[in-house]
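In what follows, chains are A, B, ... by sequence order, proteins preceding strands, each numbered from 1. Just so we're clear, the structure is a prediction, and the values are computed from it rather than from any experiment.
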Amino acid sequence: MKDIVSLCKRRGFIFAASDIYGGLNGFWDYGPLGVELKNNLRDRWWKDMVITPPIGPDGSPIEILGVDSAIIQNPRCWEASGHVGGFCDPMVDCRESKKRYRADHVFVLVPKDGEGFSFAFDKDDEDDVIEKRLQKLAKGKKVEDFERTMLDQIDPAEFGEIIGPDVKNPGTLTEPRQFNMMFHTFVGATAGDENKAYLRPETCAGIFLNYKNVLDSNRAKVPFGIAQVGKAFRNEVTPRNFVFRSREFEQMELEWFCEEDEVPMWFDFWLEERTRFWESVGIPKSELHFLNVPKEDLAHYSSRTIDVEYRFPFSAPDFDELEGIAHRGCFDLTQHQEFSGTKLEYFDQANNRRFLPHVIEPSTGLTRGVLALICQAYTVDESRPSGVYLDFKPSMAPKKAAILPLTAKEDHVPTAQKLYMDLREDYNVDLDIKQNIGKRYARQDEIGTPFCFTIDNETSKDQSVTVRHRNTMEQERVSLDNVKAFMKEHISKA
RNA sequence: GCGAGUGUAGUUCAAUGGUAGAACGUCAGCCUUCCAAGCUGAAUAUGCCGGUUCGAUCCCGGUCACUCGCUCCA
């Protein structure tokens with residue numbers, strides 16, 4: 001992983017944000033090649049979703065519409081989604097056991113006579129565990145001698161008298177701290193609670209907020225989908241693993257609205273489609289893993305979620321989440337309907353009935369996808385000068401080809417320039433004239449350019465150039481006239 | 001947020017209480033007819049802030065970042 005991070009910096013894929021100031025934990029910038037790669041992945045997703053959506057089970061193309069909603073929305077929408085209420089749980093750390101507890105998940109036995117210490121327990125602790133611990137530490141007191149109170153109901157000033165759940169001495173618990181995952185900001189020039197707003201922690205809310213607008217303006221009929229790509233922000237406790245968990249990231253989310261009884265069919269449909277997508281951009285199925293998220297780990301709104309996981313270098317041999325496909329039920333529309341007071345029911349004219357559609361959400365991290373593409377492409381090959389090459393699918397590669405005059409002299413350069421000007425109309429290509437040919441091949445290997453066209457003495461004789469293939473380093477001759485056709489053939493099918 | 005470790009050119013590594021050196025890469029020139037070749041030259045570093053000291057890259061403190069473990073990940 002270290003090597004990948006260093007290659008990303010060295011060649012201009014991904015830099016630490018504010019690098020010259022020493023960086024900022026959890027934020028990353030995309031360099032010249034990184035932004036191309038990210039755009040390629042994003043554009044492919046957008047094309048596969050919105051421009052040419054898949055063929056549905058009935059044989060005709062399904063309907064998906066795109067939106068691009070604001071990052072900052074009315075803060076009430078985050079109350080509806082549960083982000084404001086549900087995720088501000090005060091947490092308490094134990095200085096000795098190094099554990100962290102939710103203050104509302106810890107209860108405390110406070111002595112009724114006010115003498116001696118109080119004892120904290122996890123809310124799930126069984127009675128016999130509690131009794132045993134009291135026997136050891138409470139100097140003869142029994143459960144009946146205590147009053148049971150939740151930790152978040154106790155004044156932190158009295159924490160000094162409490163013995164934490166996993167320790168033997170009092171005074172190790174810190175004050176409760178709020179851990180709100182949402183970044184907040186203020187709308188308007190004055191900073192106060194009345195104009196507090198949030199940076200969206202996920203893009204899907206903007207879809208639900210526009211669900212009615214899209215329906216009304218586009219004659220959409222259930223089942224249909226709304227797609228969005230955009231930035232989201234989460235104040236992660238621990239940004240880790242390069243761009244995998246960062247505080248500012250980019251999501252590609254589809255909300256698929258359908259009838260409740262068709263949920264199982266569409267769920268399977270999207271699972272299959274999304275798997276196909278990842279394969280098509282270069283992630284082999286062998287490196288993917290499908291995690292049926294266990295009930296106890298499901299989000300509050302979801303009754304079924306499958307995580308599409310990828311074998312990242314930092315997780316290997318295990319996998320980490322790349323995409324989540326969730327059945328969100330009608331939770332979001334119900335909540336927004338209630339909080340906004342706007343009716344969001346769908347009217348099915350054919351059957352003359354109103355209902356709130358259920359939602360299947362394939363939600364993926366664009367920036368995580370970029371990381372997966374880079375990790376997957378990273379190929380060590382000691383036999384070649386660069387020692388490594390990036391095995392991108394040609395369609396994903398930031399640069400599709402490099403045009404290299406064999407020498408900087410003679411008539412190689414003008415021919416190369418002409419070819420470059422011609423190719424760049426259709427493809428993102430490089431023209432590189434300086435230094436010997438080996439160095440230039442090596443450089444292109446490191447950034448994953450699939451093809452290099454080399455102009456040599458023979459070119460002026462027979463109007464042909466050498467194509468050098470990145471993965472095999474093999475060469476073949478192609479006539480100048482056929483270079484475009486060659487590109488078209490090799491890039492469109494991959 | 002806690003604990004442990006780390007921090008020297010783009011990268012990988014040296015060295016030192018007296019102000020840093022190499023290799024590779026990068027750039028320029030020469031030379032080169034297909035894989036980081038050769039020759040000549042050049043630019044570039046002690047994360048940041050403070051303290052101790054005559055003097056700190058080195059010792060101390062803070063901070064920032066990275067790695068690992070915990071925690072978190074709706």
For the pair made of CZ in Phe242(A) and C1' in rU67(B), what is the distance, rounded to whole Å?
14 Å
What's Glu321(A) touching, base or sugar-phosphate or nothing? Going by heavy atoms closer than 4.0 Å.
nothing
Just to be sure I understand the rule, does Arg470(A) reach a base, reach only the sugar-phosphate, or reach nothing, if contact means heavy atoms closer than 4.0 Å?
nothing
The correct list of stems in which RNA chain B takes part (3 or more consecutive Watson-Crick or G-U pairs, distances under 3.5 Å) is B:1-7 with B:64-70, B:10-13 with B:21-24, B:26-30 with B:38-42, B:47-51 with B:59-63
Give me the ring orientation class for Phe312(A) and Tyr310(A): parallel if the planes are under 30° apart, tilted from 30 to 60°, perpendicular past 60°.
perpendicular
Nearest to the side chain of Lys434(A), which nucleotide is it out of rG29(B), rU71(B), rA74(B)?
rG29(B)
Rounded to whole angstrom units, what separation is found between the CD1 atom of Ile20(A) and the P atom of rU44(B)?
17 Å
I want to verify a distance call: between rU11(B), rU32(B), rC34(B), whose nearest atom is closest to the Ala408(A) side chain?
rU32(B)
Using atom P of each nucleotide, how far apart are rA42(B) and rG51(B) to the nearest Å?
38 Å
Nearest-neighbour nucleotide for the Asn241(A) side chain, rA74(B), rC68(B), rG1(B) considered:
rC68(B)
Name the nucleic acid region contacted by Leu24(A), choosing base, sugar-phosphate or nothing; use a 4.0 angstrom heavy-atom cut-off, strictly under.
sugar-phosphate
Could you tell me how far rA9(B) sits from rG62(B) if I compare only their C1' atoms? Round to whole Å.
27 Å
Just the rounded figure in Å: distance from P of rA45(B) to NZ of Lys9(A).
13 Å
Taking rC58(B) as the reference, what is the distance to rC70(B) when you measure between their C1' atoms (whole Å, please)?
33 Å
When you get a sec, tell me which of rC34(B), rC70(B), rA74(B) is the closest nucleotide to the side chain of Arg240(A)?
rC70(B)
Rounded to whole Å, CZ of Arg443(A) lies from C1' of rC34(B) at a distance of 15 Å
